[in-house]
Protein chains: 2
Amino acid sequence: MTATVDQQRAGRALLTYVAEPGDPVLAAWLETTSPADAVAAISAGRPPMLRQRGHRNLGGPHAGKVEHAFGLWRQRLGDLPAQLDLDGFRRKGIRLVCPGDSEWPTQLDTLGVARPYALWLRGEADLRYCCLQSVSVVGARASSAYGDHVGTEMAAALGERGWTVVSGGAYGIDGCAHRGALAADGVTIAVLACGVDHPYPLGHQDLLASVAAQGVLVSEWPPGRTPTRLRFLIRNRVIGALTRGTVVVEAGLRSGALNTARHARDLGRPVMAVPGPVTSEVSAGCHKIIREWGAVCVTDAHDVLELLTPLGEVPAYGSAAGRASRFPATGPARAIRPLPPRDELAPASRSVLDAIPARGAGPAVIAVGAGLDVNTVVSALGLLAAGGFVERCSRGWRIRRSP
Amino acid sequence: MTATVDQQRAGRALLTYVAEPGDPVLAAWLETTSPADAVAAISAGRPPMLRQRGHRNLGGPHAGKVEHAFGLWRQRLGDLPAQLDLDGFRRKGIRLVCPGDSEWPTQLDTLGVARPYALWLRGEADLRYCCLQSVSVVGARASSAYGDHVGTEMAAALGERGWTVVSGGAYGIDGCAHRGALAADGVTIAVLACGVDHPYPLGHQDLLASVAAQGVLVSEWPPGRTPTRLRFLIRNRVIGALTRGTVVVEAGLRSGALNTARHARDLGRPVMAVPGPVTSEVSAGCHKIIREWGAVCVTDAHDVLELLTPLGEVPAYGSAAGRASRFPATGPARAIRPLPPRDELAPASRSVLDAIPARGAGPAVIAVGAGLDVNTVVSALGLLAAGGFVERCSRGWRIRRSP
């Protein structure tokens, strides 16, 4: 018996409750078992039969480890209702995004077996689309006034140029990164180490609400889950993997921001660091990774985009400003041309056009509104963009504004 | 007729008067003509017969260029006395050092045709010996308080560890580099773009006197010559070539310090830069060369020496402190052993030992005092060092102090 798509989604949702992200035993099991079947087996008390990989330790889980993990999963699953009320979450503004969904950011697949089972989201932005042109801006919680200034300015400049700023929602540099992007009316994403309904840190309750309103909150952990030190470190790989590059604004030698940078580096993403006074301890980690890892020394958003947008490349999903010039000082010069008559549009394109909300939306949201499947909507959006009816925005697509 | 060694030295001295350093016409001529013969030809009005190198411009001087240069040389030579009073200069504390002399720093030969014709020196230190373990510390004239602090501290730490600090004698970072080295009782060298008797800038008259007392002033230009903007730039290649590496402490985007760094880079010497606030214009050049040239980001003397002293290498001519440990926090632990009886020394070794002044001196000075040739003195010093009678010091060699 093969599980339905809905059953697989429910299975993934349950896995986020019963196992920690990156659990190597579960990862090994999921190589041969579907999420729904794994959950059914846990429920029935049938532990995974994992092949021992040869004599030497090749990374395959030991029998003892399997037993321990399985006991934990079974216990946690027992505490849950038989069926998760995903619709109830949706009414509270919380949605589940699974691999294969149109909002799933496929760059997370580069994490391999450490890929999240699923992501819990809260907020207005379309995660996949707004990550196409995104950069992580991270740093010390105990930042200096200098770091706060530089981090805020950089995030604002990135937001102004249509780049999504991803950070971890923490005090210090993370907070400045979100605030700078918000101030520039840009999109920003907070990747949390707790449930997206859990305001942590508490002092960032309002900030996280603003991020949800103008961007999106993301977590591998289900609603209600609280953060731990280990979860922050596990979470960092998602920040590194979501974005085209990671900027460390300030970091002490033992800062968690260096952990995020290490994940980005290991994934082959550009790592950048902002220098600061050598007399400042919170710049020591930045100088260390510039010297020892070859992290690129960046001083402003221009330096960052120069690295992330290779010479001659026009960002595929750039804003109108991004298309007009790599670093436009002012608004773009748009070619003014008459739109083709709306009546000549195909019925599907007209439905799509009517379903696009004023603030813009991703294809998945538009598809629901238009009553069409996502593939049809994506095709229609391409034609509408070519015709000048719609344009890319940070949330996905919006009706093109008058020039 | 072959010119004597003294005639060649006199020829080189005169060339420093008549031609600018790095003059490509003179460089081409000196490939086939000795300095003395060149001066004799200028005096007699016989311009050089330089072969045109093929049809295309392969760097060989044009006839017009030759004529122009020769006219200038001839005019300047005419203004000079027939014979330079080198002994008179020596009585004023100014000495001439030529290629082949024992005090000539042979690393300058890597400059090829741009090698100085000769160097004018004023000061106590032995140029060749104190440059064996030397580093350039350069930067902006209009430095910030931050740069002054970092430059001074770094130079002091380098001086304490027995490294000679080379700089350009200018206001700002250069001055801090000299002052820091002097404060740590280290040796420092100012490479000037004017005569070594010419205190420039005037506000550094006392500082340059201190450099001469505890180190040495160096110039390619003869006594009495004044600096020009072009001469500063020509001078910079000597700073880069003299030392094992160059550190830029602060530099604006158009700073002359970047010119020095470029020379060092082109000679294959390590180039380092100190980061600073990205909000500071005088750190912009440092960040630029870190990002664009791959200059190494250094935050203190430890970082500098880590780069210049590869792991496991013990500096060949290091101070006693340098031999005991790479970065000794305190004085070295010296093995105490009885000296062999002085009476058992060979006569030459005894003469050398007697000729070493209390403050120490280079082999050339000792040779004069001992009435021996330099090669004999160098051999004797090696034996005396092995026997524990003498030790290296910043000026060359000194009687070993009691442990």
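The chains referred to below are lettered A, B, ... by the order of the sequence lines, with proteins before strands, and numbering in each begins at 1.
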Visitor: Heavy atoms only, distances under 4.5 angstrom: which of A:Asp303, A:Asp300, A:Val296 has the most pairs with chain B? Name it, please.
Guide: A:Asp303
Visitor: Please name the residue in the list A:Ile239, A:Val211, A:Val216 that meets the side chain to side chain contact (heavy atoms under 4.5 Å, CB included) test with A:Ile189.
Guide: A:Val216
Visitor: Quick one: does B:Gln107's side chain have a donor or acceptor within less than 3.5 Å of a partner on B:Ala241's backbone?
Guide: no
Visitor: If you look at every heavy atom in B:Gly285 and B:Leu258, which pair is closest and at what distance?
Guide: O-CD2, 3.9 Å
Visitor: What distance do A:Leu307 atom CG and A:Cys297 atom SG have between them, rounded to the nearest 0.5 Å?
Guide: 11.5 Å
Visitor: I need the contact set between residues 170-180 of chain B and chain A: heavy-atom distance under 4.5 Å, sorted by residue number.
Guide: none
Visitor: To the nearest 0.5 Å, tell me how far A:Leu127 CG sits from A:Leu217 CG.
Guide: 11.0 Å
Visitor: Go through it in stages, so that I can follow the logic: the residues are A:Val248 and A:Val138, the test is side chain to side chain contact (heavy atoms under 4.5 Å, CB included), and I'd like the CA-CA distance, side-chain angles, deciding distance and then a yes or no.
Guide: CA-CA 5 Å; A:Val248 183; A:Val138 296; 4.3 Å; yes
Visitor: Taking the side chain from B:Gln214 and the backbone from B:Gly186, do they hold a donor-acceptor pair closer than 3.5 Å?
Guide: yes
Visitor: Could you grab the distance from atom CG of B:Leu132 to atom CG of B:Leu242, nearest 0.5 Å is fine?
Guide: 11.0 Å
Visitor: What heavy-atom pair brings A:Val247 and A:Met154 nearest, and what distance separates the two atoms?
Guide: CG1-SD, 3.7 Å
Visitor: Using a 4.5 Å heavy-atom cutoff, which residues in residues 262-280 of chain B come close to chain A?
Guide: B:Val274, B:Pro275, B:Gly276, B:Pro277, B:Val278, B:Thr279
Visitor: Out of B:Lys288, B:Glu292, B:His287, which one racks up the most heavy-atom pairs below 4.5 Å with chain A?
Guide: B:His287
Visitor: Could you tell me whether a side-chain N or O of A:Thr188 sits under 3.5 Å from a main-chain N or O of A:Val165, the two making a donor and an acceptor?
Guide: yes
